[in-house]
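A quick write-up on the structure given underneath.
Values below: all heavy atoms of this structure, side chains included; hydrogens, waters and symmetry mates excluded. Order of the sequence lines fixes the chain letters, A, B, ..., with proteins taken first and strands second; residue numbering starts at 1 for each chain.
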2 protein chains.
Amino acid sequence: MIVREKSTPCEMCLSRKFSMFSNLSEPHLCNLSDNKNFISHKKGQILFYEGTKPLGVFCINDGVVKVFKTASNGKEQIIRLANKGEFLGYSSLLGEEVYSSTGTIVEDAKICFVPKETFLKVLVEDNSFHRRLTKALCQDLGIMEHKLTDATQKSIRERLAFTLLKLSETYGVDGGAGEKIDVVLTREEIAGLVGTATETIIRLLSEFKKDELINFEGKKIIVLNKKGLARLSDFYGG
Amino acid sequence: MIVREKSTPCEMCLSRKFSMFSNLSEPHLCNLSDNKNFISHKKGQILFYEGTKPLGVFCINDGVVKVFKTASNGKEQIIRLANKGEFLGYSSLLGEEVYSSTGTIVEDAKICFVPKETFLKVLVEDNSFHRRLTKALCQDLGIMEHKLTDATQKSIRERLAFTLLKLSETYGVDGGAGEKIDVVLTREEIAGLVGTATETIIRLLSEFKKDELINFEGKKIIVLNKKGLARLSDFYGG
DNA sequence: ATTTTAAAATGATTTTTGTCATGTTTTATT
DNA sequence: AATAAAACATGACAAAAATCATTTTAAAAT
């Protein structure tokens with residue numbers, strides 16, 4: 001069930017302040033506020049489906065969204081996890097293509113939908129915004145090149161170690177003996193992130209735990225030994 | 001040895017007509033012409049190195065360039081092959097990062113170097129160009145997502161079949177019994193394209209030949225049975 | 001034309017990873 | 001609280017792919 005609530009106007013939105021929309025003009029902000037559509041989403045809900053036509057972009061005010069492609073074998077390859085302050089769907093929209101991936105909620109989320117026309121108006125009228133967006137797209141491309149190279153040239157052990165390090169960078173909070181990855185991901189989702197079978201992830205996580213690189217706390221993972229994971233991940237700067 | 005020659009002005013450049021620079025204004029074209037730097041490159045030469053700072057963009061007037069990342073195991077993951085009318089290096093330039101990959105000449109090339117300031121001037125002053133570039137970046141991102149998903153979820157046999165189909169799409173010329181892939185790639189380079197070991201590619205190509213899906217003609221590959229390759233590649237629309 | 005070097009091919013073997021089957025634990029639902 | 005359904009775990013095995021060693025062939029270089 002979709003819940004539409006009274007929402008903060010964009011002008012006051014805190015997550016916006018640290019997003020690509022951070023430096024918009026007063027009129028653009030008002031226009032956004034007037035046309036956006038704020039919706040609360042529960043874990044598991046689907047934001048958009050691969051293969052459908054984008055009608056706008058999503059701004060994450062809070063929560064976590066996984067963006068994945070479904071492979072022909074039925075498995076999910078997670079392209080990225082998107083967080084507060086990030087945008088979704090602009091790439092397919094601006095590429096004038098159908099969604100290349102599906103977006104579903106991983107942690108309960110508050111998300112604003114900005115209709116295509118509203119978004120394009122900002123893009124066309126605010127060149128500085130357009131340039132920020134271009135920069136972000138270019139950096140995303142660099143990240144994807146790196147991911148592709150890792151996927152083909154590194155072992156799954158290395159990739160899992162790297163993934164855990166990245167997760168702890170993004171979601172890390174103090175967790176006593178180490179850094180707690182403060183987001184709930186199933187083994188299947190971690191497998192989708194790394195690009196492998198669930199069983200392989202289960203085995204490797206057990207191995208990492210045995211080697212005291214990580215520990216489990218409920219559904220969350222504690223990173224005990226970053227150096228060890230970095231060594232394992234055959235980290236080369238990326 | 002770098003050969004600097006007398007070159008066609010951009011206004012007359014045929015490869016430009018089918019590139020992102022196709023609809024530039026007269027003044028912008030003149031400015032490009034005045035500032036570009038035309039260089040002929042021989043097979044094997046390096047255009048730019050991963051990790052170095054981009055100083056401009058490259059426009060391919062003729063030839064083929066492979067863009068690859070070197071993995072920590074020393075192997076090359078080819079990100080893409082770039083052809084006549086395509087641009088190189090703008091992603092790292094606009095992302096304000098060092099080159100994420102290396103570019104080397106695969107087939108003798110004529111390439112214009114456009115200095116950063118000149119390129120940025122066009123980008124800032126011609127919004128329509130900027131939008132075309134954004135669109136291309138977004139589509140490239142979609143392609144990378146697809147490649148990543150293939151890399152993690154498909155077998156090497158499937159990926160090789162897909163790669164051969166794509167190569168014949170781009171480089172295909174009539175070749176008697178089938179379509180000839182009219183570009184010389186070593187087995188090692190095909191391996192870099194697919195993301196696997198050279199020996200694996202050699203074995204699979206032999207298998208494909210035995211199964212009469214392809215044939216060899218000198219250093220080039222003839223695709224005999226596209227349908228068969230498509231079936232093998234487990235094609236899902238991408 | 002001969003030597004050197006690089007590329008391609010092939011076999012043997014090991015390692016890695018995926019799959020299937022099954023059991024246990026945890027979480028959600030009635 | 002009982003039941004059902006996910007999620008997690010583990011073993012056994014099969015398949016895929018990498019590695020290493022060696023040979024053959026083709027292309028460059030002298």
Side-chain angles (χ1 to χ4, degrees), chain A residues 42-45 66 71-77 104 106-108 149-161 163 183-210 214-221 232-234, chain B residues 42-44 66 71-77 104 106-108 149-163 181 183-211 214-221 232-234:
Chain A
K42 286 276 167 202
K43 182 176 182 138
Q45 288 187 332
K66 69 169 168 178
S72 41
N73 61 10
K75 286 192 187 166
E76 294 180 1
Q77 174 62 43
T104 87
V106 163
E107 302 234 304
D108 291 0
T149 306
D150 275 6
T152 61
Q153 306 294 352
K154 284 185 170 182
S155 71
I156 298 205
R157 180 175 287 103
E158 291 172 316
R159 278 146 60 196
L160 175 59
T163 298
V183 63
V184 175
L185 296 170
T186 64
R187 302 293 192 253
E188 194 175 359
E189 284 170 328
I190 298 175
L193 221 36
V194 173
T196 185
T198 306
E199 293 95 324
T200 304
I201 289 297
I202 289 172
R203 276 180 244 271
L204 283 172
L205 283 178
S206 301
E207 178 193 313
F208 284 8
K209 186 186 172 187
K210 199 200 71 206
I214 61 171
N215 207 350
F216 305 144
E217 189 186 288
K219 304 239 83 183
K220 292 174 181 169
I221 293 171
L232 247 187
S233 79
D234 196 10
Chain B
K42 287 276 167 200
K43 183 178 180 135
K66 71 169 168 179
S72 41
N73 60 10
K75 287 191 185 165
E76 293 180 2
Q77 174 61 44
T104 86
V106 163
E107 301 234 304
D108 291 0
T149 307
D150 274 7
T152 61
Q153 307 293 353
K154 283 185 170 182
S155 71
I156 297 197
R157 181 176 286 101
E158 291 171 315
R159 277 145 62 194
L160 175 59
F162 186 74
T163 299
I181 295 173
V183 62
V184 174
L185 295 170
T186 65
R187 302 294 192 255
E188 194 176 357
E189 284 171 328
I190 298 175
L193 221 37
V194 173
T196 185
T198 307
E199 293 95 323
T200 304
I201 289 297
I202 290 172
R203 278 179 242 270
L204 284 172
L205 284 177
S206 301
E207 179 193 311
F208 286 6
K209 187 187 173 187
K210 200 199 70 206
D211 295 343
I214 61 171
N215 206 351
F216 304 144
E217 189 187 286
K219 303 241 83 183
K220 290 174 182 169
I221 293 171
L232 247 188
S233 80
D234 194 12

Atom-pair distance ([atom1] on [X]; [atom2] on [N]), nearest Å:
X: A:Glu158; N: C:dT15; atom1: CD; atom2: P; result: 16 Å
X: B:Glu188; N: C:dA9; atom1: CD; atom2: C1'; result: 15 Å
X: A:Glu207; N: D:dT10; atom1: CD; atom2: P; result: 12 Å
X: A:Ile190; N: D:dC8; atom1: CD1; atom2: P; result: 8 Å
X: A:Leu205; N: D:dT10; atom1: CG; atom2: C1'; result: 14 Å
X: B:Gln153; N: D:dA16; atom1: CD; atom2: P; result: 16 Å
X: A:Lys43; N: C:dT27; atom1: NZ; atom2: P; result: 11 Å
X: B:Lys154; N: D:dA15; atom1: NZ; atom2: C1'; result: 19 Å

Candidate list B:Leu160, B:Ile190, B:Val194, B:Thr196, test side chain to side chain contact (heavy atoms under 4.5 Å, CB included), partner B:Leu204, passing option: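 Only one option passes, and that is B:Leu160.
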With a 4.0 Å limit, can you tell me whether [X] has a side-chain N or O closer than that to the phosphate oxygens OP1/OP2 of [N]?
X: B:Thr196; N: D:dA18; result: yes
X: B:Lys75; N: D:dA18; result: no
X: A:Thr200; N: C:dT17; result: no
X: B:Ser206; N: C:dT10; result: yes

Select base, sugar-phosphate, or nothing to describe what [X] touches, counting heavy atoms under 4.0 Å on all strands.
X: B:Ile156; result: sugar-phosphate
X: B:Thr198; result: nothing
X: B:Lys209; result: nothing

Closest listed nucleotide, where the reference is the side chain of A:Ala197 and the choices are D:dT19, C:dT19, D:dA16: C:dT19
Check: D:dC8 base within 3.5 Å donor-acceptor of A:Glu199 side chain: no
Under 3.5 Å donor-acceptor pair, B:Arg203 side-chain atoms to C:dG11 base atoms: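 Yes, the side chain and the base share a sub-3.5 Å donor-acceptor pair.
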Contact check, side chains of A:Leu185 and A:Lys66, non-hydrogen atoms, under 4.5 Å: no
Residue pair A:Phe208 / A:Leu232, side-chain heavy-atom distance below 4.5 Å: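 When only atoms from C-beta onward are counted, A:Leu232 and A:Phe208 do touch, with a gap below 4.5 Å.
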Distance in Å, A:Ile202 CD1 paired with A:Arg187 CZ, rounded so as to fall on 0.5 Å steps: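 A:Ile202 CD1 to A:Arg187 CZ: 6.5 Å, rounded to 0.5 Å.
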Salt-bridge criterion met for B:Asp108 and B:Lys43 (N-O under 4.0 Å): no
Closest-nucleotide ordering on DNA chain C, the 5'-leading residue of A:Arg157 and A:Gly218: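 Looking at the nearest nucleotide for each, A:Arg157 comes out on the 5' side.
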